[in-house]
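As structure tokens, the structure follows; a few thoughts come after it.
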Amino acid sequence: GAVVSQHPSRVICKSGTSVKIECRSLDFQATTMFWYRQFPKQSLMLMATSNEGSKATYEQGVEKDKFLINHASLTLSTLTVTSAHPEDSSFYICSASRQQSNYGYTFGSGTRLTVV
Amino acid sequence: KNQVEQSPQSLIILEGKNCTLQCNYTVSPFSNLRWYKQDTGRGPVSLTIMTFSENTKSNGRYTATLDADTKQSSLHITASQLSDSASYICVVSAGGSARQLTFGSGTQLTVLP
């Protein structure tokens, strides 16, 4: 099956610091990965599409300078929350799809970010 | 605007009982509908994926139905277990990109012993 690993699962950081979250496709190559944000009891909200070897595509209202995305290889995408503030505290989830597959999106296990 | 509405918002049942969760959508064009299970503090895990031509699909104790005419889907859970306690999310796709996914807000299911 398709496995997506996300790390760390939980992180607490101080305001003003940066945090990096990794998303890896373990048993398949993913030219595209996706980053979501989820607030308590709400739907997943797509933040950006991470494209291997090129710039990420951000959804409207998402600050590209605050949420830096790097997709350096076919199996790894990273999301860096820069100069974190308490309002950035949330649950961040990545997903990836096998190439040439229109159906299967596999989600990572998520990262709970708390900014204090 | 594409929308996916789920009901009920929350549901509490006793272990061993059956339950049915509902999903109504207004998504166009329609590509497929997916049900995911999301445990607290975890990412969603796929249960079923149905295309336009599929009326029902099962995955163990989970059975999803789709009525493309009325734009409704349901997820039936049989003989519930404590481990079924989770949020169940209905996601409708309008195409092959994740940007074309519309997420419901989920039904929070609690199974009590």
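As the structure is a prediction and not an experimental result, all values here were calculated from the model. Residue numbering restarts at 1 for every chain, and letters A, B, ... go by the order of the sequence lines.
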Mind checking whether A:Tyr36 and B:Phe103 have parallel, tilted or perpendicular rings, split at 30° and 60°? perpendicular
Does any heavy atom of chain A fall under 4.5 Å from the side chain of B:Gln6, the backbone, both, or neither of them? neither
Step through it carefully: locate the ring centre of A:Phe39, locate the ring centre of A:Phe91, and say whether they are under 6.0 Å apart. no
Can you tell which part of A:Leu46 gets under 4.5 Å to a heavy atom of chain B, answering side chain, backbone, both or neither? side chain
Compute whether any side-chain donor of one residue and acceptor of the other, for B:Thr20 and B:His76, lie under 3.5 angstrom apart. yes
Classify the ring geometry between A:Phe67 and A:Tyr92 as parallel (under 30°), tilted (30 to 60°) or perpendicular (over 60°). tilted
Distance-only donor-acceptor check, side chains A:Thr49 and A:Thr57, under 3.5 Å: no
Under 4.5 Å, counting heavy-atom pairs only, tell me which of B:Ser87, B:Pro44, B:Ser105, B:Gly104 racks up the most with chain A. B:Pro44
Aromatic ring proximity B:Phe30/B:Tyr25, centre distance under 6.0 Å: yes
Assert top hit (heavy-atom pairs under 4.5 Å, partner chain B, pool A:Thr111, A:Ile93, A:Leu44, A:Thr32) equals A:Leu44
Checking A:Gln6 against chain B: side chain, backbone, both or neither under 4.5 Å from a heavy atom? neither
Using heavy-atom distances under 4.5 Å, tell me whether B:Ser46 contacts chain A through its side chain, its backbone, both, or neither. neither
Under 4.5 Å from a heavy atom of chain B, the part of A:Ser109 involved: both
